[in-house]
Amino acid sequence: MRAARITNLDGPASVRVEEVPEPTLEPGHVLVDVHEAGVSFPDVLMSRGLYQMRPELPFLPGAECAGVVREAAPGSAVQPGDRVAAFPVLGAFAETVAVPEAMVFPLPDGLSFATGAALPMNYLTVHFALTRRGQLERGEVVLVHGAAGGIGTAAIQLARAMDARVIAVVSSEEKAATAQAAGAHHVVLADGFLAAAKALTEGRGVDVVVDPVGGDRFTDSLRCLAPEGRLLVIGFTAGQIPEVKVNRLLLNNISVVGVGWGAFWMPDPGYLRTQWQALLPLLESGALDPPIGTRHPLADVAAALAEIDGRRAQGKVTLTVRD
């Protein structure tokens with residue numbers, strides 16, 4: 001089968017599509033014929049050996065996909081022919097992938113494979129961030145950094161579905177339309193977002209900041225929090241990992257909250273299906289509808305990774321494996 005393969009850690013440009021052996025069914029797993037795979041920032045980090053998970057070389061990247069079940073063990077919750085989304089963690093950038101059964105999710109008939117591939121990493125991360133770590137309540141105000149990217153658009157949609165008011169922060173006017181289309185109530189530029197957030201909340205500040213960016217925005221993110229506000233640390237696409245001067249946390253009883261979704265579910269993968277069941281009604285109603293940015297053929301995997309690496313993505317970047 002064709003699959004993207006990482007043989008060295010020289011970054012996105014070194015990722016190649018090659019012929020590799022097909023996976024075989026193992027106990028507790030499901031074989032999925034991949035139609036579409038989602039591309040995310042951790043894939044970029046893994047191409048450089050900078051992610052917390054460092055598989056032994058060579059390996060097949062790709063954490064999420066959607067497709068059709070080829071083979072499943074007797075008694076499995078899914079059967080051959082079922083349309084599914086899946087979170088294999090590795091190996092999704094391939095024509096077929098083996099996935100632990102707990103990480104295979106039913107995909108409603110009304111959702112495309114591209115939509116299914118855009119869901120597991122971003123929407124399950126954001127669900128964990130807003131519900132469990134952020135304790136978001138109806139009527140609160142959420143500020144979302146990186147609001148035109150995959151995590152950002154997911155955060156906008158889920159926060160809206162939870163009856164929150166959303167302020168989206170984007171790095172350029174070009175990206176504003178993506179955040180607006182995702183459902184943001186307000187869209188502001190990163191340059192000056194603190195003043196904008198204060199003005200939009202009549203000086204009070206926001207209740208929750210969703211931050212997958214990090215870098216030099218971090219201090220102003222703390223400053224824009226309302227009393228008892230929570231800053232959710234999801235990632236560092238800006239490259240720089242900021243530091244917290246903890247005396248700032250005392251001023252308004254604010255919190256900096258780590259969002260380690262993977263660390264949370266790994267001891268109990270069944271949590272992922274609980275999350276999926278919580279999101280299904282929102283998916284079926286259309287409240288959650290991931291904006292798809294660019295769709296690359298599998299052969300152009302390096303270009304897809306480079307788009308995310310260069311922070312050019314608007315919406316979810318995917319790889320089309322089968323039409």
Close side-chain approach of T24 and L31, heavy atoms under 4.5 Å: no

Check: V34 main-chain N/O paired with R322 side-chain donor or acceptor under 3.5 Å: yes

Electrostatic pair E19-R5, nearest N-O below 4.0 angstrom: no

Non-hydrogen atoms of I156 and A179 that approach each other most closely: CD1-O, 3.8 Å

Hydrophobic cluster membership, F41 vs L9, 4.5 Å side-chain cutoff: yes

ILVMFWY cluster, L136 and V166 together (side-chain gap under 4.5 Å): yes

Joint hydrophobic cluster, L57 plus L45, side-chain heavy atoms closer than 4.5 Å: yes

Whether N252 side chain and I254 backbone form a donor-acceptor pair below 3.5 Å: no

Atom pair SG (C224) and CD1 (I167), whose distance is rounded to the nearest 0.5 Å: 7.5 Å

Donor-acceptor contact below 3.5 Å, side chain D82 vs main chain Q79: yes

Set of residues satisfying side-chain contact (heavy atoms from CB on, under 4.5 Å) with respect to R312, sequence neighbours excluded: A306, E307

Smallest separation among heavy atoms of V126 and A155, with atom names: CG1-CA, 3.5 Å

Heavy atoms from other residues, nucleotides or ligands near CG of N247 exceed 12 (cutoff 6.0 Å): yes

R217 vs H145 side-chain heavy atoms within contact, under 4.5 Å: yes

Side-chain heavy-atom pair E18, R2 within 4.5 angstrom cut-off: no

Pairwise side-chain contact, V142 with V210, heavy-atom cut-off 4.5 Å (strictly under): yes

Heavy-atom side-chain contact between L158 and L282 under 4.5 Å: yes

Test item: side-chain donor near acceptor, T294 and H296, under 3.5 Å: yes

Hydrophobic cluster membership, I292 vs V39, 4.5 Å side-chain cutoff: no

Other cluster members, V187 - Ile/Leu/Val/Met/Phe/Trp/Tyr, side-chain contacts below 4.5 Å: V170, L189

Heavy-atom pair of closest approach, residues R273 and A102: CG-O, 3.4 Å

Whether K316 side chain and T115 backbone form a donor-acceptor pair below 3.5 Å: no

Chi angles and distances behind the side chain to side chain contact (heavy atoms under 4.5 Å, CB included) call for V208, V144: CA-CA 8 Å; V208 174; V144 179; over 6 Å; no

Over all atoms of both residues, closest heavy-atom pair of V317 and A304: CG1-CB, 3.9 Å

Heavy-atom pair of closest approach, residues G116 and A85: O-CB, 3.7 Å

Donor on one side chain, acceptor on other, Q275 and Y123, under 3.5 Å: no

Aromatic ring pairing F264/F128, orientation class (parallel under 30°, perpendicular over 60°, tilted between): tilted

Polar side-chain atom of T125 near backbone of M121 as donor-acceptor pair, under 3.5 Å: yes

Listed once per pair and sorted, the side chain to side chain donor-acceptor pair (under 3.5 Å) pairs that draw on residues 42-53, sequence neighbours left out: S40-D43, R48-D309

Value rounded to 0.5 Å, distance of CG in D109 from CD in E284: 10.0 Å

A92 to P88 - nearest heavy-atom pair and separation: CB-CG, 3.8 Å

Approximate separation, where rounding is to 0.5 Å, of L194 CG and D220 CG: 4.5 Å

Those residues that, when tested against A129, pass side-chain contact (heavy atoms from CB on, under 4.5 Å) (two or more places apart): L232, I234, V259

Sequence neighbours excluded, every pair satisfying ring-ring contact (aromatic ring centres under 6.0 Å, His included) that has a member inside residues 64-91: F87-W261, F87-W265

Validation row: T7, F59 side chains within 4.5 angstrom (heavy atoms): no

Any L249 side-chain heavy atom under 4.5 Å of S255 side chain: no

Test side chain to side chain contact (heavy atoms under 4.5 Å, CB included) applied to H35 and V68, step by step: CA-CA 8 Å; H35 284 245; V68 176; 3.8 Å; yes

Distance (rounded to the nearest 0.5 Å) between L272 CG and M266 CE: 9.5 Å

R83 side chain to P108 backbone, donor-acceptor under 3.5 Å: yes

Worked verdict on H186 versus R165 for side chain to side chain contact (heavy atoms under 4.5 Å, CB included): CA-CA 9 Å; H186 313 279; R165 179 180 164 206; 3.1 Å; yes

Atom pair CG/CZ of L119 and F105 - distance to nearest 0.5 Å: 10.0 Å

Salt bridge (Lys or Arg N to Asp or Glu O under 4.0 Å) between E95 and R70, intermediate numbers included: CA-CA 11 Å; E95 291 182 317; R70 174 193 287 192; over 6 Å; no

Check against side chain to side chain contact (heavy atoms under 4.5 Å, CB included), V233 and D211: CA-CA 5 Å; V233 179; D211 185 10; 5.8 Å; no

D323 atom CG: more than 12 heavy-atom contacts under 6.0 Å: no

Hydrophobic cluster partners of L60 (side-chain heavy atoms under 4.5 Å): M1, V20

Flag for E22-T96: side-chain donor and acceptor within less than 3.5 Å: no

From L124 atom CG to T274 atom OG1, the distance as rounded to the nearest 0.5 Å: 10.5 Å

pair R223-R248: side-chain heavy atoms closer than 4.5 Å: yes

salt_bridge(E36, R295) N-O dist < 4.0 Å: yes

Donor-acceptor contact below 3.5 Å, side chain Q135 vs main chain T131: yes

Check: H127/R132 side-chain N/O donor and acceptor closer than 3.5 Å: no

Q157 side-chain N/O to A154 backbone N/O, donor-acceptor pair under 3.5 Å: no

Within one Ile-Leu-Val-Met-Phe-Trp-Tyr cluster: L251 and V209, side-chain cutoff 4.5 Å: no

